[in-house]
Student: 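Supplied in structure tokens, the structure appears directly below.
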Amino acid sequence: MAPSSHSSIMSTLTFLLFALLALAQLGFAIPGPQSQSKPRAAAAGDRYLLGVGKADITGPVVEINFAGYANSEQVGSGLRQRIYSRAFIVGEVNNPANRFVYLILDIQSGDTAVRRGILEGVAALGSAYSVYGRSNIAVTGTHSHSGPGAWFNYLLPQITSLGFDKQAYKAIVDGAVLSIKRAHESLQEGTLDFGTTRVDDANINRSLYAYLANPESERAQYGDDSVDKTLTLLRFKRASDGKNIGVITWFPVHPTSMLGNNTHVTGDNKGLAAYLFEKSVKGDSLAADGFVAGFSQANVGDTSPNILGSWCDDGSGQQCDFKTSTCSDGKSQYCHSRGPFFYKLDLGVSSCYDIASKQYSGAKSLYNQLTSSTSSGTPVVGPTVRTFHYYHDMRYYTFPLSNGTQVQTCPAALGHSFAAGTSDWPGAFDFTQGDSGAPNNPFWSVVGGLLKVPSPAQKACQGAKPILLNVGEMETPYAWSPNIVDVQSLRVGQFLIIVSPGEASTMAGRRWRNAVKAAASDLSLTGGAEPFVVLGGPANSYTHYITTPEEYGIQRYEGASTMYGPYTLPAYINLTVQALPYLSPSSSGSPPAGPNPPDNREKSLSFITGVVFDAAPIGQSFGSVTKQPASSYARGAVVNATFTGANPRNNLRLEGTYAAVEKQESGGQWTRVLSDDDWRLVYTWTRTNGLLGYSSVTISWETSAAEDVAGTYRIKYYGDSKPLIGSIKAFEGTSNSFTLV
Ligand SMILES: *[C@@H]1O[C@H](CO)[C@@H](O)[C@H](O)[C@H]1NC(C)=O
Ligand SMILES: *[C@@H]1O[C@H](CO)[C@@H](O)[C@H](O)[C@H]1NC(C)=O
Ligand SMILES: *[C@@H]1O[C@H](CO)[C@@H](O)[C@H](O)[C@H]1NC(C)=O
Ligand SMILES: *[C@@H]1O[C@H](CO)[C@@H](O)[C@H](O)[C@H]1NC(C)=O
Ligand SMILES: CC(=O)N[C@H]1CO[C@H](CO)[C@@H](O)[C@@H]1O
């Protein structure tokens, strides 16, 4: 509730908000998602080897900093939704060595350490897995900002998480490997098709001022869309019984629906959309058991799910400055963008559900359309599956622009606006966006300079960027940021996937896709079928942002975070296009592997302490209920039960659960109806006495009149305690039963 002095401002805002929502709803209600691909008689595409798999990657949910916002205060306190690796394998029928694995992880990005771990883990599975490796495994992240960090290869993103945590890293690597194993074991012949649909009101451009620096003629080709509104869906259907085994979708929107003060692990709007899709096809006669829905990220760079725009939370009722995203004090700290349900003050939960639902609904209606017998998508045709991957050093790479002018990329560096953060969550430093002069916080320019002063060549190379963190010239005690990037693309039939190691902005993604499409046509890569290109990422390594040179010139957050200088995007395009011939049906080779990026896994610093011990206060035992639920609740109420707890880092319970709701059947027996997977069941861990090792766990069930049935229920808690001496022991707690009416 707002203090009374703010209530008139609040009611004006609330009124405006409802007006906006009503308009948005009108816009959304008219046509519903429409497919842009022409309905056609179900034409059969070529046969491929297809497999899908999913596995749990939920690392330590407490006492570890979250990845994404680089906010050291955002430390985990529990779990709302487990996070997953989803694996999709596509291979040739006649030459099974030609195949790829597209991984979608509910994490901030792909990463060099994680990728290495996955390659090692897959190799250790044995000779049947020797067809998978560096070239054909793409490790993409959904770009979630709502899960544990501390698994990065490079120093810079380790700073806010206090280093590298082997448990956090291993959870992701092991789950990703298991998802690949499951996908491999499910391989069968089948067909692929794809379609596109428009998803409105799920993303806006959060850096419109920079976007407008792109040529007007180019912007005009996309109408009013300053972000891509197109969702692409690729459907996997097995031949044996005609059942669908999974889908991959690509749609650009930042998973920043869960805000920078959320401390419960979730998959944010992408992980939730996947959950909604997978739930919706359970038991469907057209969907196979084990159906996997992957919601992959696309050209996410300048997108935001906070579709009501950015506002100053300083009592002024003003929007943030268009150019700099600052408020009346000239700083960015009060500038927050607002999701569709921001006023619910529930840490983004409702806004996240809304943005997830819009992606899910768009994908689901497109899927229904592809699945119906009267229309279908575009079949994937041409038997060829090919991939390429190589490493490339971005330090002073010289290459020609399309007009012949020679330009170069630079060692990695971040500009002043990097520190301002974005309106999705402001940074911790007092810099403003679009700042191309001196920062107004001298402390940080001193620290930035102390770290390592940029060489004259680096300064000249970075052009419009005032360098704050000269990360690419810093190797002490080990590399701060990648200078060596992954260049990778995949292809099945006419469907091409650019695997981007950074967050391409809207226009950067369009230029990159267009360039690949044009080159694929020139090379006649896809025979008679028109090439169709998607971009997925951030993948393989986290190289921050990729803006166009024009956007770079503006130096807002995204431009300041474009690490290799103004020509970063043209370089990626050059590096991708020059390797495209390796995707040709006649190609059996691979490009030279390039220089190996550093492996910092064993060198990384860590100031993260492990669990010392757990204890239960006198008169209690682990799992005993310290606060019982009431005897009865109306559907829609929140049911809470509190237990004597222990640290969840003692056991990640991968593929299992910490929390559950059980329902009593007519025969008296209890069946599990909800677990950690479910959005409305929330596990919260609180350390109550650090010295004595006490903690408590509250499990909250946000019941729903629409989704829950009346009946008798109870809450279960599964934990593991660590004694001072001896081994970790599992326990469980059970609440009293209660009725839901
Ligand atoms: C989290 O941040 C949002 C955005 O600033 C704010 O509205 C909300 O009150 C914060 N929640 C808490 C619990 O601090
Ligand atoms: C990419 O740059 C190299 C120089 O490094 C040049 O030889 C090549 O022609 C360029 N390729 C494309 C497709 O632009
Ligand atoms: C080529 O294009 C770049 C970027 O638009 C421009 O700076 C340069 O002057 C152009 N070169 C020529 C020879 O037109
Ligand atoms: C239920 O537990 C949650 C998490 O600890 C807490 O935020 C909420 O206030 C509790 N609700 C009630 C009604 O006790
Ligand atoms: C098409 C679109 O998303 N437009 C939005 C771009 O961002 C500005 C504010 O950042 C919005 O006002 C537009 O609606």
Side-chain angles (χ1 to χ4, degrees), residues 1 61-62 76-80 213-215 217-218 261-265 344-349 388 390 392-409 463-464 485 487 489 498 507 511-512 514-523 525 547-553 564-584 591-592 594 625-630 632-634 636-645 648 658-659 661 680-688 695-703 715 717 735 738:
M1 280 293 110
V61 300
V62 305
S77 71
L79 174 69
R80 179 176 275 277
N214 294 309
S217 57
E218 184 184 32
N261 54 5
N262 159 58
T263 55
H264 285 94
V265 171
K344 284 201 159 175
L345 297 184
D346 59 3
L347 304 177
V349 168
F388 68 79
Y390 64 103
H392 182 81
D393 194 333
M394 293 296 250
R395 282 171 288 196
Y396 306 114
Y397 173 55
T398 303
F399 64 99
L401 295 175
S402 51
N403 66 7
T405 298
Q406 292 286 324
V407 293
Q408 62 180 1
T409 53
V485 301
V487 186
S489 297
I498 300 166
M507 198 60 97
R511 286 189 195 170
W512 201 346
N514 292 343
V516 166
K517 182 172 176 177
S521 298
D522 289 349
L523 291 164
L525 271 192
T547 56
T548 67
E550 295 88 340
E551 292 162 351
Y552 184 92
Y564 310 111
Y567 301 108
T568 300
L569 171 68
Y572 278 121
I573 293 176
N574 167 285
L575 295 167
T576 310
V577 167
Q578 66 171 272
L580 274 191
Y582 289 104
L583 299 185
S584 135
V625 184
T626 56
K627 194 154 185 278
Q628 291 286 0
S632 174
Y633 294 87
V638 178
V639 179
N640 271 6
T642 303
F643 301 83
T644 304
Y658 292 121
V661 172
R680 293 182 292 108
L681 189 64
V682 186
Y683 165 98
T684 303
W685 180 84
T686 314
R687 156 89 52 225
T688 50
S695 63
S696 83
V697 160
T698 298
I699 295 176
S700 311
W701 177 21
E702 298 164 3
T703 68
I715 289 180
Y717 160 45
S735 78
F738 54 90

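What you see below is based on every heavy atom in this structure, not just the backbone, and it leaves out hydrogens, waters and symmetry mates. The first residue of the sequence shown is numbered 1, and numbering continues consecutively from there. One-based numbering, in listed order, for ligands and for the atoms of each.
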Student: Quick one: salt bridge (charged side-chain N to carboxylate O under 4.0 Å, His left out) partners of D393, sequence neighbours excluded?
Tutor: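 So D393 forms a salt bridge (charged side-chain N to carboxylate O under 4.0 Å, His left out) with R395.
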
Student: What pair of heavy atoms forms the shortest contact from A637 to T703, and how long is it?
Tutor: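 Nearest pair, atom of A637 first, then T703: O-OG1, 2.6 Å.
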
Student: With Y633, which residues qualify under ring-ring contact (aromatic ring centres under 6.0 Å, His included), at least two apart?
Tutor: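 So Y633 forms a ring-ring contact (aromatic ring centres under 6.0 Å, His included) with F738.
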
Student: May I ask you to list the atoms of ligand 3 that are less than 4.0 angstrom from any heavy atom of N403?
Tutor: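 That gives atoms 1 (C), 2 (O), 3 (C), 8 (C), 10 (C), 11 (N), 12 (C), 14 (O) of ligand 3.
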
Student: Which atoms of ligand 4 have any heavy atom of T698 under 4.0 Å away?
Tutor: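 Within the 4.0 Å cut-off of T698, ligand 4 contributes 2 (O), 5 (O).
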
Student: Just to be sure I understand the cut-off, which residues have at least one non-hydrogen atom under 4.0 angstrom from an atom of ligand 2?
Tutor: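 Within the 4.0 Å shell of ligand 2, which is judged on heavy atoms, sit Y397, T398, F399, P400, N574, V577, Q578.
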
Student: Which residue in the set L79, V62, V697 passes side-chain contact (heavy atoms from CB on, under 4.5 Å) when paired with P648?
Tutor: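 Only one option passes, and that is V62.
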
Student: Which ligand 4 atoms are under 4.0 Å away from a heavy-atom of S700?
Tutor: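 Answer, ordered by atom number: 1 (C), 2 (O), 3 (C), 4 (C).
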
Student: Mind checking whether N640 has an N or O less than 3.5 Å away from an N or O of ligand 4?
Tutor: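 N/O-N/O distance under 3.5 Å: yes.
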
Student: Measure the CZ-CG distance between F388 and L575 for me, rounded to the nearest 0.5 Å.
Tutor: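 The CZ atom of F388 sits 9.0 Å away from the CG atom of L575.
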
Student: State whether R511 and E550 are salt-bridged, where the test is any N-O pair (Lys NZ or Arg NE/NH1/NH2 against Asp/Glu carboxylate O) under 4.0 Å.
Tutor: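 Yes, R511 and E550 are salt-bridged.
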
Student: Suppose we screen for ring-ring contact (aromatic ring centres under 6.0 Å, His included). Which residues come up paired with F399, at least two apart in sequence or across chains?
Tutor: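 Checked F399 against ring-ring contact (aromatic ring centres under 6.0 Å, His included); matches are Y397.
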
Student: Below 3.5 Å, N or O to N or O, backbone or side chain included: is there any such pair between T405 and ligand 3?
Tutor: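 For ligand 3, there is an N or O atom that lies under 3.5 Å from one belonging to T405.
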
Student: Do the ring planes of F643 and Y717 sit parallel (below 30°), tilted (30 to 60°) or perpendicular (above 60°)?
Tutor: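 Geometry flag for Y717 against F643: tilted rings.
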
